[in-house]
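Atoms within each ligand, like the ligands themselves, are counted from 1 in listed order. Numbers for residues simply follow the sequence, beginning at 1.
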Amino acid sequence: MTFDAAAFANAATRALRTYDPGHDLPALRKRFGAGLAELGSNENPLGPSSHALTAIQAALPEVFRYPDPQGAALKAALAQHLRVDTAQITLGNGSHELLMLIAQCFADASTSIVFSEFGFAVFPIATAAAGAQAIRVPALPRDHATMPLGHDLKAMAAAIRADTRVVYIANPNNPTGTWFDDAALESFLARVPATTLVVIDEAYQEYVVESKVSSALRLLPHYPNVIVTRTFSKAYALAGLRVGYAVSAPEVAAVLELLRESFNVNGLALAAATAALADQAHVARARDWNLAEREWMAAALRKRELRVLPSQTNFVLIDFARDAAPIERALFERGVIVRPMGGYGLPECLRISVGTRAENERLLDALL
Ligand SMILES: Cc1ncc(COP(=O)(O)O)c(C=O)c1O
């Protein structure tokens, strides 16, 4: 007897494609050992604060217990750090979970969701999973003077319809590394109807050094329809533990709470994130180191006449102006893992994370 599960899946699920997790990294670690340069997932190779590791050790004997379903200690620490109320914070198993949760709570088949071409990959997935209609807005052109492939906020505002429940924007954006400044965001928000939620994904915010770009958290008191998402996966270097958070109006957080799985953030992750947050000196070191290393890497790549797009993140996008698949393959065979961009509609580009100096040198050697 066979069971045609695919035929029974609901329409929203049937519309999904299986997530492409990239290369089989556990197998590659076995094959290349210490010679592997993992530059495909925008991790922070400096690793987390030692305080986070100590906190994990201390929390280990408690793993037989369920974690705090409210994550109260982490929420209190975040509230103090961000100068918001704990009722404004929703914790997630990574910010990925929160991006999905927002669409599930607020959108359905009778609504639409707006996001940019070349925006973060989870935005269309969250839209499809909610059964909502995707409105994908063309990005700024490739030859744009300052922000090639960046979000076109004017066009995004114009694309919002009466049935648009959510707009996703990432600042800075992955995979392009592009960003928009405070003035651009404010004029965008002024054009968004109060009935549309604007999700501002700030996964890379801690890396931003551009003075005209500040966190959208400052806008929350004026815009009850804004949700800011952040993560401990990048600058805090806790990607393996899966902790993210959303900051919103308390009323929005209360809705998210209805569908949030009660124990979505595990006990070790809660302890580690709370300790990591308290070590802002470590975050500052990560930011400074990333900036110096990224600029070193970008300069070395530009010296080879490669087009490196501007970035405020811990990765760069390179436009090879020809099919980049053979280049990616050649790097792969030399144990240098980067992220191909065909799935994003940018087959001429590769996204390369800032690695350790040794990894970056290996990349430059392998690119020859
Ligand atoms: C723009 C952006 N948002 C969100 C995420 C999700 O991060 P996490 O689920 O690890 O918090 C990522 C991860 O790469 C990202 O690049």
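Separation of the Phe123 and Tyr168 ring centroids falls under the 6.0 Å cut-off. Ring centroid separation for the pair Phe315 and Tyr204 comes in under the 6.0 Å cut-off. For an aromatic pair to be called close, the ring centres must be under 6.0 Å apart, and Tyr66 with Phe263 satisfies this.
Annotation: salt bridge (charged side-chain N to carboxylate O under 4.0 Å, His left out) contacts of Arg29 (sequence neighbours excluded): Glu38.
Residues His96 and Arg242 form a side-chain contact, since some pair of their non-hydrogen atoms from C-beta on lies under 4.5 Å apart. Side-chain contact between Leu91 and Leu78 is present, with at least one heavy-atom pair separated by less than 4.5 Å.
The immediate protein surroundings of ligand 1, defined as residues with any heavy atom under 4.0 Å of it, consist of Gly94, Ser95, His96, Phe120, Asn174, Asp201, Ala203, Tyr204, Thr231, Ser233, Lys234, Arg242.
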